[in-house]
Amino acid sequence: QVQLVESGGGSVQAGGSLRLSCAASGYTYSSSCMGWFRQVPGKGREGVAVLYGGGGYIDYGDSVKGRFTVSQDNAKNIVYLQMSSLKPEDTAMYYCAARPATPPPCGTRWYDFTAWGQGTQVTVSS
């Protein structure tokens with residue numbers, strides 16, 4: 001059974017940083033795509049960053065390029081999202097997601113990802 005558990009959300013002032021973590025289990029991480037998405041009430045889910053568990057592929061949503069960095073610890077099946085230079089418009093619920101047994105390109109369309117974590121709230125104040 002695929003399980004994704006996020007942690008690391010919280011409140012921060014504009015310009016600050018936060019790091020999110022997602023621990024994955026129940027499938028072959030190294031041959032799967034992993035992604036971070038975010039959603040605010042009343043809006044659709046937005047792709048933030050994706051990577052391939054086997055390495056060699058990373059992509060970002062346009063709104064976070066240059067500020068966010070996605071990385072992974074393959075030995076522990078953990079994917080991270082380092083968020084820097086945070087803005088109030090980054091406030092959202094952040095979700096970790098997986099596309100098991102999927103080679104790159106991973107894509108940033110949320111509906112292509114079949115497994116989801118419970119989400120972690122990120123709030124950026126001005």
Side-chain angles (χ1 to χ4, degrees):
Q1 181 180 354
V2 177
Q3 188 170 17
L4 303 171
V5 180
E6 302 105 331
S7 60
S11 297
V12 65
Q13 289 193 327
S17 300
L18 279 175
R19 189 176 81 159
L20 306 183
S21 300
C22 172
S25 61
Y27 65 103
T28 305
Y29 178 91
S30 60
S31 61
S32 303
C33 287
M34 298 294 297
W36 286 99
F37 296 81
R38 65 186 183 186
Q39 188 170 24
V40 297
K43 292 190 176 182
R45 200 161 288 192
E46 176 189 7
V48 175
V50 296
L51 57 70
Y52 181 58
Y57 179 89
I58 289 177
D59 197 12
Y60 295 94
D62 289 340
S63 62
V64 305
K65 285 180 179 177
R67 300 188 298 121
F68 290 11
T69 302
V70 64
S71 62
Q72 62 186 342
D73 183 334
N74 300 74
K76 298 181 179 179
N77 291 358
I78 297 176
V79 61
Y80 301 100
L81 183 68
Q82 178 67 47
M83 304 183 292
S84 302
S85 301
L86 282 161
K87 304 174 181 180
E89 51 264 43
D90 294 317
T91 296
M93 183 71 78
Y94 283 72
Y95 296 91
C96 175
R99 292 181 69 180
T102 301
C106 296
T108 56
R109 300 179 304 187
W110 66 267
Y111 46 85
D112 288 329
F113 286 72
T114 57
W116 292 84
Q118 80 285 356
T120 185
Q121 179 68 36
V122 172
T123 301
V124 184
S125 58
S126 57

S.K.: With hydrophobic residues grouped by side-chain heavy-atom distances under 4.5 Å, do Val124 and Tyr95 end up in a single group?
M.R.: no
S.K.: According to a hydrophobic-cluster definition based on side-chain heavy atoms being under 4.5 Å apart (Ile, Leu, Val, Met, Phe, Trp, Tyr only), do Trp36 and Val2 belong together?
M.R.: yes
S.K.: Yes or no on side-chain contact (heavy atoms from CB on, under 4.5 Å) for Thr108 and Glu46, after CA distance, side-chain angles and deciding distance?
M.R.: CA-CA 8 Å; Thr108 56; Glu46 176 189 7; over 6 Å; no
S.K.: Looking only at atom types and distance, does a side-chain atom of Asn74 sit under 3.5 Å from a main-chain N or O of Gly53, one as donor and one as acceptor?
M.R.: yes
S.K.: Over all heavy atoms of both residues, which pair between Leu86 and Leu18 is shortest? Give the atoms and the distance, please.
M.R.: CD1-N, 3.9 Å
S.K.: Minimum heavy-atom separation for Pro103 to Cys33, with atom names?
M.R.: O-SG, 4.1 Å
S.K.: So does Lys65 pair up with Asp62, basic N to acidic O under 4.0 Å?
M.R.: yes
S.K.: Nearest 0.5 Å, please: how far is OG in Ser25 from NZ in Lys76?
M.R.: 15.0 Å
S.K.: Distance from Ser21 atom OG to Gln72 atom CD, nearest 0.5 Å?
M.R.: 13.0 Å
S.K.: Linking I/L/V/M/F/W/Y whenever their side-chain heavy atoms sit closer than 4.5 Å, directly or via other members, would Val48 and Ile58 fall into one cluster?
M.R.: yes
S.K.: By the definition side-chain contact (heavy atoms from CB on, under 4.5 Å), identify the one residue from Ser31, Ser32, Pro105 that meets it with Tyr52.
M.R.: Ser31
S.K.: Show every ring pair (Phe, Tyr, Trp, His ring centres under 6.0 Å) that has at least one partner inside residues 105-126, sequence neighbours left out.
M.R.: Phe37-Phe113, Phe37-Trp116
S.K.: Examine Val12 and Met83 and state if one hydrophobic cluster contains both, with Ile, Leu, Val, Met, Phe, Trp and Tyr joined whenever side-chain heavy atoms are less than 4.5 Å apart.
M.R.: yes
S.K.: Is Val50 linked to Tyr94 within one hydrophobic cluster, defined over Ile, Leu, Val, Met, Phe, Trp and Tyr using a side-chain heavy-atom separation of less than 4.5 Å?
M.R.: no
S.K.: Where is the tightest heavy-atom contact between Tyr29 and Ile78, given as atom of each residue plus distance?
M.R.: OH-O, 3.8 Å
S.K.: Using a 4.5 Å cut-off on heavy atoms from C-beta on, say whether the side chain of Tyr27 contacts that of Leu4.
M.R.: yes
S.K.: How far does CD of Gln118 sit from OG1 of Thr120, to the nearest 0.5 angstrom?
M.R.: 7.0 Å
S.K.: Closest approach of Thr114 and Pro100, non-hydrogen atoms and distance?
M.R.: OG1-CD, 3.4 Å
S.K.: Quick check: do Asp59 and Cys106 have side-chain heavy atoms less than 4.5 Å from each other?
M.R.: no
S.K.: For the atom pair OG1 (Thr123) and CD (Gln13), what is the distance rounded to the nearest 0.5 Å?
M.R.: 12.5 Å
S.K.: To the closest 0.5 Å, what do you measure between CZ (Arg99) and CG (Asp112)?
M.R.: 4.5 Å
S.K.: Can you confirm whether Val70 sits close enough to Met34 that some side-chain heavy atom of one is under 4.5 Å from a side-chain heavy atom of the other?
M.R.: no
S.K.: Quick one: does Arg38's side chain get under 4.5 Å of Leu81's, heavy atoms only?
M.R.: no
S.K.: So Thr69 and Tyr60, side-chain contact (heavy atoms from CB on, under 4.5 Å) or not? Walk me through it.
M.R.: CA-CA 8 Å; Thr69 302; Tyr60 295 94; 3.9 Å; yes
S.K.: Could you give the distance from CD (Glu6) to SG (Cys22), rounded to the nearest 0.5 Å?
M.R.: 5.5 Å
